[in-house]
Amino acid sequence: MSNLLKSGGLTVIIGPSRSIPQDVRKGREETDLARRAGVRVIYETTDITTDIAPWLLSVEFTDGIDKADDLQLTLWDDGRWRGSWAPDEGAKLTAEIHLIENGKTVRLPCGVFSIDELEASGFPQTVTIKAISAFVTTAIRRDEKTRAWENIDFMGIARTIADKAGILLLYSARNNPEYKRIDQKSKSDLAFLQDLGDREGLRVKVSDGKLIIFSQADYDSNAAIDTYRWLDPRVTGYSFTSGVTSAYSKAKIKYRDPRSKKMIECVYTPPDAPETGQTLRINERCSSLAEAERVEKNRLAAKNRGIKGARLDLVGDPRLVAGQNIKVTGYGSKCDGSYAIEEATHSLWPYTTSLGLRKING
């Protein structure tokens, strides 16, 4: 039986080929044949879906906010994938996941990736092609720089970095802070921009050739795309965490006022602060009290971002990607509430989706 299927006029691989030894593909096949998940793969500009179908064992795509997207293809190896068929490191891979159910197809474009590593292992003999989101492997992530940005706003910094990296800037935040001077000290452009985003309540992500910047508060206020209730058959596993000892209960910033030349200190305590907790001490250049109060509020929120979180393992769902929100109910008062998807891992086969979540409220 062929492991290829037509989906929306395109050929996709829907599971390990029967030509692969049974002990190798054991546990890697779809169990629900009425709900098929497939993948389409392009190498550079050539569709290689049909070519790799006899060897492909599994696919894993991870979409995250604070890390580069990555793609892993695991192939059964009869010797050729470690030799003449080995792909070139740095070559581009494009992948798309298809969910075919009730005669309809839902697609998840994974993006364009650059092959970063090949891993040969055994037994059984397999080769895993590991790829990272294209453009993240360039100087935007690796080259550390020291420079001063003067008389510029956040969008201007982001546009300069995006243009230099040859990627498209997508800026959806309503706020666009301005700076008389902000220093980049021994940081790559991406690390600097992500840290600056934490300072301003913005999130920064590179995905599929785009530099994406959005407001954390705006995204947290978006409606949930789905609700997962206790004993929901789509949920195959879960865990909830809440850290107390590592939480910060307030932030204190100290800066030198440019007009009076005096050292100014102010403290911010959020309304939902834990009764006990550490004080986050901040020492950053600020031009006004309003800027200092904004910085300490955003820095505190960024530091406490992972204090309340969860992980849900689900039946595969291509709708679920980083940056969206879901609701959880029936798991207990400490667990129920709204959650933002910080990371989504889609794995084939069988098709599963694992979510790394950050609690928004409750």
Side-chain angles (χ1 to χ4, degrees), residues 62-67 69 170-175 177 194-205 207 212-232 234-251 268-278 280 293-314 317-346 353-362:
T62 299
D63 167 40
I65 294 179
D66 288 330
K67 57 172 285 187
D69 295 352
L170 296 181
Y171 194 101
S172 63
R174 287 175 289 180
N175 57 320
Q194 287 177 328
D195 181 65
L196 193 60
D198 284 348
R199 186 185 196 270
E200 305 298 352
L202 304 175
R203 304 297 293 275
V204 178
K205 174 180 172 59
S207 178
I212 303 166
I213 298 174
F214 60 92
S215 165
Q216 182 70 78
D218 288 348
Y219 269 59
D220 285 355
S221 65
N222 287 340
I225 67 165
D226 211 331
T227 298
Y228 296 90
R229 295 175 172 80
W230 175 245
L231 299 183
D232 189 319
R234 297 173 297 173
V235 179
T236 59
Y238 68 88
S239 65
F240 295 89
T241 58
S242 180
V244 177
T245 57
S246 58
Y248 289 92
S249 59
K250 58 185 176 180
Y268 169 72
T269 303
D272 58 347
E275 295 180 5
T276 60
Q278 308 172 64
L280 177 64
E293 290 175 340
R294 182 184 82 228
V295 169
E296 63 181 355
K297 179 180 179 180
N298 290 329
R299 288 290 190 197
L300 182 63
K303 279 290 184 182
N304 283 341
R305 191 179 287 150
I307 297 304
K308 293 183 179 181
R311 187 148 206 100
L312 280 187
D313 297 322
L314 306 165
D317 188 339
R319 300 175 305 151
L320 301 173
V321 295
Q324 294 179 325
N325 301 330
I326 65 167
K327 285 186 178 179
V328 170
T329 183
Y331 286 80
S333 58
K334 293 290 186 181
C335 304
D336 291 351
S338 295
Y339 289 82
I341 301 175
E342 292 281 306
E343 182 178 283
T345 299
H346 296 263
T353 301
S354 183
L355 302 180
L357 303 168
R358 172 180 54 83
K359 197 170 190 183
I360 299 173
N361 59 42

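The figures here come from the full heavy-atom set of this structure, side chains too, leaving out hydrogens, waters and symmetry mates. When a residue number appears, it is its place in the shown sequence, counting from 1.
In this structure Asn298 satisfies the side-chain hydrogen bond (donor to acceptor under 3.5 Å, both in side chains) test with no other residue, sequence neighbours excluded.
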Would Val295 and Tyr268 satisfy side-chain contact (heavy atoms from CB on, under 4.5 Å), going step by step from the backbone distance to the final call? CA-CA 10 Å; Val295 169; Tyr268 169 72; over 6 Å; no
For Arg311 and Ser354: C-alpha separation, side-chain torsions, deciding distance, then whether side-chain hydrogen bond (donor to acceptor under 3.5 Å, both in side chains) applies. CA-CA 7 Å; Arg311 187 148 206 100; Ser354 183; 3.1 Å; yes
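Under the 4.5 Å side-chain criterion, counting only non-hydrogen atoms from C-beta, Tyr228 is not in contact with Tyr339. Side-chain contact between Lys334 and Lys308 is absent, with no heavy-atom pair separated by less than 4.5 Å. In this structure, Ile212 and Val204 have side chains that are not in contact, with every pair of non-hydrogen atoms separated by 4.5 Å or more. Annotation: side chain of Asp69 is in contact with side chain of Lys205 (closest heavy-atom distance under 4.5 Å). Side-chain contact check for Ile65 versus Phe214: some heavy-atom pair is nearer than 4.5 Å. Put simply, the side chain of Ile213 does not reach to within 4.5 Å of the side chain of Arg203, judged on heavy atoms.
Nearest heavy-atom pair, Arg294 versus Pro177, reported as atom, atom and distance to 0.1 Å: NH2-CB, 3.9 Å. Summarising the geometry of Thr269 relative to Lys250, their closest heavy-atom pair is OG1-CB, 3.5 Å, with the distance given to 0.1 Å. The shortest heavy-atom contact between Leu300 and Pro270 is CD2-CD, 3.4 Å. Between Ala340 and Asp220 the shortest heavy-atom distance is CB-OD1, 4.1 Å. Minimum interatomic distance between Lys67 and Glu343 (heavy atoms only, all atoms of both residues): CD-OE1, 3.1 Å.
Separating the OG atom in Ser172 from the CG atom in Leu202 is a distance of 9.0 Å, to the nearest 0.5 Å. For the atom pair OG1 of Thr227 and CG of Asp336, the computed distance is 10.5 Å after rounding to the nearest 0.5 Å.
Remark: side-chain polar atoms of Thr353 are paired, donor with acceptor, to backbone N or O of Asp317 under 3.5 angstrom.
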Using residues 320-330 as the side-chain source, report each donor-acceptor pair under 3.5 Å to any protein atom, sequence neighbours left out, with the distance given to one decimal.
{"residue": "Gln324", "atom": "OE1", "partner": "Val321", "partner atom": "N", "Å": "3.3"}
{"residue": "Asn325", "atom": "ND2", "partner": "Tyr219", "partner atom": "O", "Å": "2.7"}
{"residue": "Asn325", "atom": "ND2", "partner": "Asn222", "partner atom": "O", "Å": "3.1"}

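In summary, Asp313 and Arg234 do not engage in a salt bridge, as defined by a charged side-chain N under 4.0 Å from a carboxylate O. Under a 4.0 Å N-O distance rule, the pair Glu342/Arg305 does not qualify as a salt bridge. Between Lys303 and Asp198, no side-chain nitrogen of the basic residue sits less than 4.0 Å from a carboxylate oxygen of the acidic one, so the salt-bridge criterion is not met.
Remark: Arg229 CZ is loosely packed, at most 12 non-hydrogen atoms of other residues, nucleotides or ligands lying under 6.0 Å away.
Ring pair Trp230/Tyr238 is perpendicular by interplanar angle, where above 60° counts as perpendicular and below 30° as parallel.
Thr345 and Thr62 form a side-chain donor-acceptor contact under 3.5 Å, judged by distance and modelled atom types alone.
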